[in-house]
There are 2 protein chains.
Amino acid sequence: MTKALRKPATNNALNVAHEISDRARDKREQIMQGALRTFLSNGYSASMDAIAAESGVAKQTLYSYFGAKEELFSALMDRLLEHFVHAGMTPELRSLPTQAFLRKLAQITLSQMDDWEYVSLMRLVIGESARFPELSELYLSRLVSPGIAKLAQYIRENDELAFGDPEAVARIMHGSLINFIIAQEILGGKHTMPMSRDRLINSLIDVILFAAQQSAQSR
Amino acid sequence: MTKALRKPATNNALNVAHEISDRARDKREQIMQGALRTFLSNGYSASMDAIAAESGVAKQTLYSYFGAKEELFSALMDRLLEHFVHAGMTPELRSLPTQAFLRKLAQITLSQMDDWEYVSLMRLVIGESARFPELSELYLSRLVSPGIAKLAQYIRENDELAFGDPEAVARIMHGSLINFIIAQEILGGKHTMPMSRDRLINSLIDVILFAAQQSAQSR
DNA sequence: GTCTATACATGGATAGAC
DNA sequence: GTCTATCCATGTATAGAC
């Protein structure tokens with residue numbers, strides 16, 4: 001009914017094709033959202049029945065849009081990874097004083113990762129890394145590696161951060177943040193070994209800036 | 001035959017019971033080793049058939065020793081976690097100069113983690129953290145938390161490492177090492193974004209020691 | 001106590017009506 | 001294109017012979 005209102009009059013072949021295409025996109029989207037929730041909740045072992053139920057379509061419909069479970073999964077992961085590729089360092093961020101920049105960057109990084117979808121994605125990527133090594137590779141090359149590279153470049157170009165091995169320092173910073181999320185959010189450390197984000201960030205910045213000062217001094 | 005040689009003469013009830021108990025222990029051990037390999041390779045989704053085959057026993061035998069799959073899994077994980085509880089800081093280690101101590105500690109930590117069983121365990125713990133939160137909790141409380149606590153204590157008691165928040169600094173150090181293993185060994189970063197352990201360790205020690213000097217100076 | 005054979009449920013994937 | 005009903009393999013768990 002509402003459909004007739006949106007698209008009245010002409011019923012030529014082209015319009016029909018277009019309408020079908022629109023519908024197909026909607027259904028496809030509907031499936032992907034349901035499948036995403038199901039996979040992120042239950043891992044790759046989520047059943048196609050469960051996905052169909054969560055998506056609100058029949059199981060056969062899944063197979064008409066995606067040939068097999070693995071294809072659906074891959075398509076989803078591709079899209080999800082793409083979604084989390086962040087804007088990176090905006091010019092305004094880079095123009096901040098060093099300390100403010102590092103704090104802001106750490107906060108942004110933690111905020112992005114402290115999210116149900118992101119945390120579930122990490123669990124899935126790590127948990128299925130034996131079965132889907134390509135997924136791990138994609139995760140590293142799309143999300144981890146660029147983040148480290150940008151941070152390393154920032155360190156390299158910043159005179160206040162005169163480290164001998166910017167790449168390694170970037171890994172240390174990034175790694176301590178990622179592991180904080182893994183421990184606190186994925187493994188439940190927020191309950192069994194709680195620590196506020198700010199405490200971690202403060203110490204991380206202290207350590208990096210102090211080290212940078214000393215490093216500059218000792219040259 | 002050899003059994004008769006080891007345990008000759010008397011065949012009273014007690015001896016028989018003992019012999020049975022010995023055998024049972026052996027079978028149990030045999031099952032656990034096969035199950036361990038299978039679970040670590042294939043995750044919790046490993047089938048009982050596969051475990052029976054790998055263990056070299058019939059499926060029913062699994063069920064006579066462990067009531068159900070989940071019990072077998074739990075028993076295994078308990079034992080494996082216990083196995084990896086390391087000696088910790090030996091007195092001779094603590095007597096080293098600060099820099100040598102930190103380097104040695106980092107090397108030991110990475111060496112312990114860079115091991116097929118340990119890596120597989122981490123993947124399993126993280127991957128199944130939604131299904132088995134108790135396993136995550138056990139992992140944190142037995143392996144992670146004590147390691148961080150000991151390192152924090154060392155920092156606190158060492159005059160050369162005058163940090164304001166030893167606990168947070170310990171997390172940063174520990175976290176960057178753990179995440180290095182996750183990225184390089186679990187996610188395949190050793191191929192796609194290679195970096196030697198020594199580079200990471202060197203930079204980590206540089207950063208910590210430089211920061212400590214500066215921190216002491218600025219008091 | 002251990003094996004073979006089997007029961008029962010669930011998984012992925014497909015056939016056929018509409 | 002979408003649904004219902006079904007196929008077939010595999011999974012956990014158990015029964016019964018030895």
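In the text below, chain A, chain B and the rest are named by the order of the sequence lines, each starting its count at 1.
- Between the side chain of K69(B) and the backbone N or O of A46(B) there is at least one donor-acceptor pair closer than 3.5 Å.
- Using a cut-off of 4.0 Å between Lys/Arg side-chain N and Asp/Glu carboxylate O, R37(B) and E117(B) are scored as not salt-bridged.
- Protein atom OH of Y63(B) is 14 Å distant from nucleotide atom C1' of dT6(C), rounded to whole Å.
- Within 6.0 Å of CD on E70(B) lie no more than 12 heavy atoms contributed by other residues, nucleotides or ligands.
- Among L121(B), I108(B), I181(B), L143(B), the single residue meeting the side-chain contact (heavy atoms from CB on, under 4.5 Å) criterion with M113(B) is I181(B).
- Partners of E92(B) under the salt bridge (charged side-chain N to carboxylate O under 4.0 Å, His left out) rule, at least two apart in sequence or in another chain, do not exist in this structure.
- Here the CG-CZ distance, from L40(A) to R123(A), works out to 9.0 Å after rounding to the nearest 0.5 Å.
- Within residues 43-55 of chain B, the residues approaching DNA chain D are A46(B), S47(B), M48(B), D49(B), by heavy-atom distance under 4.0 Å.
- Applying the ring-ring contact (aromatic ring centres under 6.0 Å, His included) definition to pairs two or more places apart or across chains, those involving residues 120-144 of chain A are Y44(A)-F132(A), F73(A)-F132(A).
- A 6.0 Å sphere centred on NZ of K150(B) holds more than 12 heavy atoms belonging to other residues, nucleotides or ligands.
- Per the geometry, CD1 belonging to I31(A) stands 11 Å off C1' belonging to dG1(D), to the nearest Å.
- Taking OG of S196(A) as the start and CD of Q184(A) as the end, the distance is 9.5 Å to the nearest 0.5 Å.
- Between dT2(D) and Y65(A), a contact under 4.0 Å exists linking OP1 or OP2 to a side-chain N or O.
- Going from atom CG of L62(A) over to atom P of dG11(C) covers 14 Å, rounded to whole Å.
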Every protein N/O within reach of nucleotides 3-5 of chain D N/O, cut-off under 3.5 Å:
| from | atom 1 | to | atom 2 | distance (Å) |
| --- | --- | --- | --- | --- |
| dC3(D) | OP2 | A58(A) | N | 3.0 |
| dC3(D) | OP2 | T61(A) | OG1 | 2.8 |

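- Atom CG of N42(A) and atom P of dT10(C) are 15 Å apart (whole Å).
- Of the residues in residues 68-77 of chain B, those placing a heavy atom less than 4.0 Å from an atom of DNA chain D are A68(B), K69(B), in numerical order.
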task: Walk me through it: do R199(A) and D165(B) pass the test side chain to side chain contact (heavy atoms under 4.5 Å, CB included)?
output: CA-CA 8 Å; R199(A) 264 182 75 186; D165(B) 193 342; 2.7 Å; yes

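- Every residue two or more places apart in sequence or in another chain was checked for a salt bridge (charged side-chain N to carboxylate O under 4.0 Å, His left out) with R103(A), and none qualifies.
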